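The analysis underlying the following values was restricted to heavy atoms, covering all of them including side chains, and did not include hydrogens, waters or symmetry mates. Just so it is clear, the model here is predicted, and its values are computed rather than measured.
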Amino acid sequence: MPAESLKAAAPYLIEQKYADYSAEQHQVWQELVRRRRPQIDSHACREYLDGYQVIGLRDNRLPDLAAISALLGPRTGWSTTPVSGFLPAEAFFEMLAARMFPTTTWLRGRDSLEYTPEPDIFHDVFGHVPMHAHRVFADFLQHYGSVCARINDQDLLERLGRLFWYTVEFGLIRQDGEIKVYGSGVISSHRECSNVIEGGCEIRSFNLEEVLRTPVRVDRIHKLLFAIESFEQLYEAMHAAEEWAEERVQESHPG
């Protein structure tokens, strides 16, 4: 789907003015990456580390979104699409369904290196985008968007949001007998990643039913996260979630 076909998301699409980034902003990006790379190199899953290379991320320069999209497109059909800020749900799902990842272009300041309440280009690109180079994960994410875009029930969307939260944002995977991280909220946060590595949270095997009934808490460090065995498991879970959602819709609108 070309950008011209978007409806709900259209007002939020912008251009990344790459030449406008200052030397200070590139230095902040470099510092953010420098702080995260030791943990990431040791504890991120193989697919994330491969994707980091595939999309051409540079440790010392802010990412050029158009250049990333040119590398991603032929591989998985995804683009890294600049937006003006936080999107309403309808626009967000529409973009995911079109394989367009909404990406903010602003970068946190040096005074908030550890945490920013609103996602910035570091969280969006360093945290999320390397996984979009993995075909199975990329298909899962598009399918998630397409399912949610068809649902108008807010309670149902909140439940499906838990699937997104405990995978795309805070997902873990077992690889080579170890827990590895792939969710953007763990990848981009030293505190959350350390919490996982140091045993600060319980890690349960991914189970769709349990994930859908586990509320999201955004006001504290995680006490419980879920680990998948493979990204194929995640892809299959999305199909099961779609069936679950369709059953709930039919129950609430019989006939």
*Asks:* Looking at Ser69, is its backbone amide N or carbonyl O close enough to the side chain of Ser79 to form a donor-acceptor pair, meaning the two atoms are under 3.5 Å apart?
*Replies:* no
*Asks:* How far apart are the closest heavy atoms of Pro215 and Tyr166, and which atoms are they?
*Replies:* O-OH, 2.7 Å
*Asks:* Kindly indicate, with the supporting measurements, whether the criterion side-chain hydrogen bond (donor to acceptor under 3.5 Å, both in side chains) is fulfilled by Arg174 and Ser205.
*Replies:* CA-CA 9 Å; Arg174 288 190 172 92; Ser205 294; 3.2 Å; yes
*Asks:* Are Glu178 and Lys180 close enough for a salt bridge, meaning some N to O gap below 4.0 Å?
*Replies:* yes
*Asks:* Decide side chain to side chain contact (heavy atoms under 4.5 Å, CB included) for Glu246 and Glu251; before the verdict, give the C-alpha distance in whole Å, the side-chain angles of both, and the deciding distance to 0.1 Å.
*Replies:* CA-CA 9 Å; Glu246 288 175 349; Glu251 289 171 1; over 6 Å; no
*Asks:* Tell me the closest heavy-atom pair linking Ser189 and Glu192, and the distance in Å.
*Replies:* OG-N, 3.1 Å
*Asks:* CD1/Ile151 to CG/Leu156 distance, rounded to the nearest 0.5 angstrom?
*Replies:* 4.5 Å
*Asks:* Give the minimum heavy-atom separation between Ala97 and Gly145, together with the two atoms involved.
*Replies:* CB-C, 3.9 Å
*Asks:* Let me know which of Trp78, Tyr182, Phe140, Tyr48 forms a ring pair (Phe, Tyr, Trp, His ring centres under 6.0 Å) with His132.
*Replies:* Trp78
*Asks:* Mind running side chain to side chain contact (heavy atoms under 4.5 Å, CB included) on Ile187 and Phe170 for me, showing each step along the way?
*Replies:* CA-CA 8 Å; Ile187 291 284; Phe170 287 93; over 6 Å; no
*Asks:* Could you tell me whether the side chain of Glu169 reaches within less than 4.5 Å of the side chain of Phe164, counting heavy atoms only?
*Replies:* yes
*Asks:* Test side chain to side chain contact (heavy atoms under 4.5 Å, CB included) on Gln142 and Leu96; report intermediate values, then the result.
*Replies:* CA-CA 5 Å; Gln142 187 275 334; Leu96 293 188; over 6 Å; no
*Asks:* To the nearest 0.5 angstrom, please state how far the CD1 atom of Ile55 sits from the CD1 atom of Ile68.
*Replies:* 4.5 Å
*Asks:* With side chains defined as the heavy atoms from C-beta onward, is the minimum distance between Arg159 and Trp244 less than 4.5 Å?
*Replies:* yes
*Asks:* Using the ring centroid of each side chain, check whether Tyr18 and His26 are separated by less than 6.0 Å.
*Replies:* yes
*Asks:* How long is the straight-line distance from CG of Leu160 back to CG of Asp155, given to the nearest 0.5 Å?
*Replies:* 11.5 Å
*Asks:* Hey, any chance Leu208 and Val216 share a hydrophobic cluster, counting ILVMFWY side chains that come within less than 4.5 Å of each other, even indirectly?
*Replies:* yes
*Asks:* Kindly work out whether a path of hydrophobic side-chain contacts (I/L/V/M/F/W/Y, heavy atoms less than 4.5 Å apart) joins Leu224 to Leu234.
*Replies:* yes
*Asks:* Any sub-3.5 Å donor-acceptor pair from Glu94's side-chain atoms to Ala8's backbone N or O?
*Replies:* yes
*Asks:* Can you tell if the side chain of Phe101 reaches within under 4.5 Å of the side chain of Met95, non-hydrogen atoms only?
*Replies:* no
*Asks:* For the side chain of Arg162 and the backbone of Val211, is there at least one donor-acceptor N/O pair under 3.5 Å apart?
*Replies:* no
*Asks:* Would you say the side-chain atoms of Glu236 pair up with the backbone N or O of Gln233, donor to acceptor, closer than 3.5 Å?
*Replies:* no
*Asks:* Does any part of the side chain of Ser188, heavy atoms only, come nearer than 4.5 Å to the side chain of Leu32, both counted from C-beta?
*Replies:* no
*Asks:* Phe86 and Phe93: same hydrophobic cluster, using ILVMFWY side-chain contacts below 4.5 Å?
*Replies:* no
*Asks:* Return yes if some donor-acceptor pair links the side-chain N/O of Glu158 with the main-chain N/O of Gln154 below 3.5 Å, else return no.
*Replies:* no
*Asks:* Does anything in residues 49-59 pair up under salt bridge (charged side-chain N to carboxylate O under 4.0 Å, His left out), and if so which pairs, sequence neighbours excluded?
*Replies:* Arg37-Asp59
*Asks:* Could you tell me whether the side chain of Gln16 reaches within less than 4.5 Å of the side chain of Asp64, counting heavy atoms only?
*Replies:* yes
*Asks:* Verify side-chain hydrogen bond (donor to acceptor under 3.5 Å, both in side chains) between Glu242 and His143, making sure each step is shown before the conclusion.
*Replies:* CA-CA 9 Å; Glu242 180 179 24; His143 191 189; 2.8 Å; yes
*Asks:* So if you build clusters from Ile, Leu, Val, Met, Phe, Trp, Tyr with side-chain heavy-atom gaps below 4.5 Å, do Trp106 and Leu57 land together?
*Replies:* no
*Asks:* Over all heavy atoms of both residues, which pair between Val125 and Pro130 is shortest? Give the atoms and the distance, please.
*Replies:* O-CD, 3.0 Å
*Asks:* Does some side-chain heavy atom of Arg99 sit less than 4.5 Å from a side-chain heavy atom of Thr81?
*Replies:* no
*Asks:* Check this for me: does any side-chain nitrogen of one of Glu118 and Arg108 sit under 4.0 Å from a carboxylate oxygen of the other?
*Replies:* no
*Asks:* What distance separates Thr167 OG1 from Met131 CE, expressed to the nearest 0.5 Å?
*Replies:* 10.0 Å
*Asks:* Once rounded to the nearest 0.5 Å, what's the spacing between atom CG of Asn195 and atom NE2 of His190?
*Replies:* 11.0 Å
*Asks:* Locate the shortest heavy-atom distance separating Gly200 from Lys223; write the atom from each residue and the value.
*Replies:* O-CD, 4.4 Å
*Asks:* Taking all non-hydrogen atoms of both residues, which atom of Ala241 and which atom of Leu163 are closest, and how far apart?
*Replies:* CB-CD2, 4.0 Å
*Asks:* Does some side-chain heavy atom of Phe126 sit less than 4.5 Å from a side-chain heavy atom of Ile40?
*Replies:* yes
*Asks:* Quick check: is Ile197 connected to Phe226 through a chain of hydrophobic side chains (ILVMFWY, heavy atoms under 4.5 Å apart)?
*Replies:* no
*Asks:* With side chains defined as the heavy atoms from C-beta onward, is the minimum distance between Val196 and Cys201 less than 4.5 Å?
*Replies:* yes
*Asks:* How long is the span from the CD atom in Glu31 to the CZ atom in Arg110, to the nearest 0.5 Å?
*Replies:* 6.5 Å
*Asks:* Under 3.5 Å, side chain of Asp124 to main-chain N/O of Val129, donor-acceptor pair present?
*Replies:* no
*Asks:* Would you say Glu229 and Gln175 are linked by a side-chain donor-acceptor pair, where the criterion is simply a distance under 3.5 Å?
*Replies:* no
*Asks:* Step by step, work out the side chain to side chain contact (heavy atoms under 4.5 Å, CB included) result for Asp153 and Val249.
*Replies:* CA-CA 8 Å; Asp153 185 315; Val249 170; 5.7 Å; no
*Asks:* Does Arg204 form a salt bridge (charged side-chain N to carboxylate O under 4.0 Å, His left out) with Glu202? I'd like the steps, not just the answer.
*Replies:* CA-CA 6 Å; Arg204 296 183 189 168; Glu202 181 183 357; 2.8 Å; yes
*Asks:* Is a salt bridge present between Lys7 and Glu90, judged by a nitrogen-to-oxygen distance below 4.0 Å?
*Replies:* no
*Asks:* Less than 4.0 Å between a side-chain N and a carboxylate O, is that true for Asp176 and Arg46?
*Replies:* yes
*Asks:* More than 12 foreign heavy atoms under 6.0 Å from CG of Asp20: is that the case here?
*Replies:* yes
